[in-house]
*Asks:* 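Quick one: the structure is below, questions incoming.
The basis for the numbers below is simple: all heavy atoms, side chains too, and nothing from hydrogens, waters or symmetry mates.
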Amino acid sequence: MSELGFGFWRYLLSARYEQSLWTPALRHAFPELRPQRRREVADRVARLHLLRNRLAHHEPIHRRDLAADHADLIFVASAICPHAAAWIERNSTVTAVVSRRPGPRPPAPRLPRAERIPVARRRTGGDADR
């Protein structure tokens with residue numbers, strides 16, 4: 001599994017596999033996604049895949065809406081694991097770097113409340129929470 005590239009996962013989320021893979025199985029990989037619409041994840045993963053390719057091939061990204069790219073990343077991470085998404089948000093420097101970007105920049109995206117995925121609070125008291 002770790003040898004599979006990002007492109008593999010992107011195309012696995014395509015409409016072609018809606019009935020054969022998404023409905024019976026893949027939707028479970030995004031347990032926090034409500035409602036569980038394949039396209040909500042597929043569109044964002046496709047944009048992130050394009051960004052990853054630009055970066056990997058040392059192509060310019062200075063005209064991209066990097067704040068929107070960051071929001072896509074947080075959304076996908078939240079759909080998989082809100083705790084991981086919260087960690088990314090706490091440790092990421094993307095927002096700070098983008099805010100210092102010279103020249104006009106696109107407005108920072110704000111996800112509608114319905115698209116935000118809250119971090120579930122668990123109280124188990126076990127070592128697994130540490």
Side-chain angles (χ1 to χ4, degrees):
M1 295 293 251
S2 63
E3 296 294 320
L4 299 173
F6 196 24
F8 173 84
W9 298 108
R10 175 209 173 162
Y11 293 109
L12 200 61
L13 294 171
S14 72
R16 173 184 190 165
Y17 300 114
E18 179 106 28
Q19 296 302 314
S20 62
L21 291 175
W22 176 262
T23 301
L26 283 180
R27 64 188 176 88
H28 300 295
F30 304 93
E32 303 300 323
L33 182 64
R34 298 284 185 263
Q36 286 201 307
R37 293 190 189 123
R38 177 203 52 78
R39 189 166 184 176
E40 292 292 319
V41 175
D43 290 348
R44 288 172 171 89
V45 169
R47 290 190 297 265
L48 290 169
H49 182 245
L50 181 64
L51 173 64
R52 192 223 48 111
N53 283 348
R54 296 292 163 266
L55 293 167
H57 297 287
H58 305 282
E59 296 174 8
I61 60 167
H62 62 278
R63 290 197 170 110
R64 291 185 62 90
D65 184 350
L66 297 173
D69 291 332
H70 188 254
D72 284 344
L73 173 74
I74 297 301
F75 181 90
V76 173
S78 294
I80 297 168
C81 177
H83 297 288
W87 184 91
I88 293 167
E89 286 188 291
R90 278 193 316 273
N91 293 286
S92 174
T93 60
V94 171
T95 304
V97 171
V98 168
S99 71
R100 292 192 308 263
R101 182 183 200 171
R105 48 186 174 267
R110 292 288 300 160
L111 290 175
R113 197 167 287 284
E115 288 192 30
R116 295 184 195 153
I117 300 171
V119 174
R121 303 217 184 261
R122 295 183 301 159
R123 292 185 184 196
T124 62
D127 288 339
D129 291 355
R130 294 187 190 138

*Asks:* Considering non-hydrogen atoms only, spot the tightest contact between Ala85 and Ser78 and give its length.
*Replies:* CB-OG, 3.2 Å

*Asks:* Ile74 versus Glu89: any side-chain heavy-atom pair under 4.5 Å?
*Replies:* yes

*Asks:* Compare all side-chain heavy atoms of Leu13 with those of Trp9 and state whether any distance is below 4.5 angstrom.
*Replies:* no

*Asks:* For Arg44 and Glu40, indicate whether the former's side chain and the latter's backbone hold a donor-acceptor pair under 3.5 Å.
*Replies:* yes

*Asks:* Where is the tightest heavy-atom contact between His70 and Ser92, given as atom of each residue plus distance?
*Replies:* NE2-OG, 3.2 Å

*Asks:* Under 4.5 Å between side-chain heavy atoms, counting indirect links through other Ile/Leu/Val/Met/Phe/Trp/Tyr residues: same cluster for Leu4 and Leu26 or not?
*Replies:* yes

*Asks:* Between CZ of Arg27 and CG of Leu21, what distance do you get to the nearest 0.5 Å?
*Replies:* 12.5 Å

*Asks:* Measuring from atom CG of Leu12 to atom CZ of Arg38, what distance do you get when rounded to the nearest 0.5 angstrom?
*Replies:* 11.0 Å

*Asks:* Kindly write out the residues that satisfy ring-ring contact (aromatic ring centres under 6.0 Å, His included) with His49, not counting sequence neighbours, or none if the list is empty.
*Replies:* Phe6

*Asks:* Residues two or more places apart in sequence or in another chain: which of them pass side chain to side chain donor-acceptor pair (under 3.5 Å) with Asn53?
*Replies:* none

*Asks:* Would the number of heavy atoms belonging to other residues, nucleotides or ligands and lying under 6.0 Å from CZ of Arg54 be above 12?
*Replies:* yes

*Asks:* Examine distances only and state if a side-chain atom of Arg52 and a backbone atom of Leu48 form a donor-acceptor pair shorter than 3.5 Å.
*Replies:* no

*Asks:* Between Val76 and Phe30, what is the shortest heavy-atom contact and its length?
*Replies:* CG1-CE2, 4.4 Å

*Asks:* Side-chain contact, heavy-atom cut-off 4.5 Å: Arg64 with Leu51?
*Replies:* yes

*Asks:* Has Arg37 got a side-chain atom pairing as donor or acceptor with Arg34's backbone, closer than 3.5 angstrom?
*Replies:* no

*Asks:* Taking all heavy atoms of Ile80 and all of Ala29, pick out the closest pair and write down the distance.
*Replies:* CG1-O, 3.7 Å

*Asks:* Considering all heavy atoms of both residues, which atom of Arg101 and which atom of Ile61 are nearest to each other, and what is their separation?
*Replies:* NH2-O, 4.0 Å

*Asks:* Within this structure, what is the CD-CZ distance for the pair Glu18 and Arg39, rounded to the nearest 0.5 Å?
*Replies:* 10.0 Å

*Asks:* Starting at OH of Tyr11, measure out to CZ of Arg16 and round the result to the nearest 0.5 Å.
*Replies:* 12.0 Å

*Asks:* So if you build clusters from Ile, Leu, Val, Met, Phe, Trp, Tyr with side-chain heavy-atom gaps below 4.5 Å, do Leu55 and Leu50 land together?
*Replies:* no

